Amino acid sequence: MRSDFLEQIATLDVVCLAGGVGGAKLAEGLAQVVPPERLTVIVNTGDDFQHLGLTVCPDLDTVLYTLGGVANPETGWGRVGESWKTIKETDRLGGAAWFKLGDLDLATHLVRSQLLAEGQTLTAVTRHLCIHFDIQVQLLPMSDQPAPTMIASEEELLPFQIWFVRERWQPAVREVCLPQDVRATPQVMHALEYADIVVLAPSNPFVSIDPILHAYPIREMIMDLPRAVVAVSPIIGGKAVKGPAAKMMAELGMSASSKSVARYYGELIDGFIYDQQDAGQCDNLACSTLISDTLMVDAKSRVRLATELLQFALSIAE
Ligand code: FO1
């Protein structure tokens, strides 16, 4: 990597908006290139819910475990080397076992729930967990208020995890319902105030990125930023790398393509990165574009994409 590029990056503050697996992988790549004191990851908490009496924050934990080097590479969520004794016994006792909390993962939910019950904010609890997973990057929940995403299907209104995990995202989505009056934390607003580069990770635009933008005044602050806002497409060859993004796009009346994602973000973004498989597809967009290999299959490819993204953002900002 060129040393003048690294020197330039070291003077800039980078903020990444992230949901689950795609966001965590890109955040990990960015963390290899950007000094930790210059990198903030703002995470979706619309997926959070109360389960078996505990506060579970799936996207925060996916980023936490990935940056902490303890993520399960097969599932994309939860811990590597996990065991399942507690959830098996929970099932035997007639408890809710459709959401698989592993034994190691449970420790995170126990500690988080206890600290929240003692009156700490989710931001403070997340900082506590980061210290114990030896994470130097600033990891922030978008809000300290509960902000549960609901999914309106043709038949009913479903809490996000019921739709996503229990119903395996099969009920067709008519509308994603985000709560009103959710406010960003002071820490999030401080990070955005000083951001030189904002990255929208290749996460689901509707249920990962939108809930973050919806926490006032995150969208407004990003719109007002003088410097580069760059999004990475979560769609490759008309399919989502993981999860329901492509299916949702069809159900919400869009074509499942990178171009639709770029158009959906519209004036919010200055730059859009999409995969080489879709080369040529985004030729006529209003923002700058970069074609890359966006499938982050290993640590090397995460760092490569993060580096290309930052170089692209710098070229836009110049
Ligand atoms: N996703 C599943 O598909 N099945 C599960 O049983 C499951 C358990 C789980 C436990 C902890 C955690 O942090 C995440 C978990 N997830 C599970 C993933 C998660 O609910 C979703 O992938 C995200 O909310 C979407 O970003």
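Predicted model only: the values in this text are computed from it and were never measured. Read the numbers this way: they start at 1 and go in the same order the structure lists the ligands and their atoms.
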Q: Does Y216 have any ring-ring contact (aromatic ring centres under 6.0 Å, His included) partners at least two apart in sequence or in another chain, and if so, which?
A: none
Q: Which residue, V232, D293, I235, forms the side-chain contact (heavy atoms from CB on, under 4.5 Å) with D275?
A: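 Per the side-chain contact (heavy atoms from CB on, under 4.5 Å) rule, the option paired with D275 is D293, out of V232, D293, I235.
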Q: How are the rings of F164 and W169 set relative to one another: parallel (under 30°), tilted (30 to 60°) or perpendicular (over 60°)?
A: tilted
Q: Do D103 side-chain atoms and T86 backbone N/O form a donor-acceptor pair below 3.5 Å?
A: yes
Q: Heavy-atom cut-off of under 4.0 Å around ligand 1: list whichever protein residues fall inside it, by chain and number.
A: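 Answer by chain and number: D47, P58, D59, W77, W98, F99, K100, L101, D105, F160, Q161, F164, V165.
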Q: Kindly compute the distance separating CG (L225) from CD (E193), expressed to the nearest 0.5 Å.
A: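 Between atom CG of L225 and atom CD of E193 there are 10.0 Å.
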Q: Going from CD1 on I212 to CD1 on I218, what distance comes out if it is rounded to the nearest 0.5 angstrom?
A: 7.0 Å
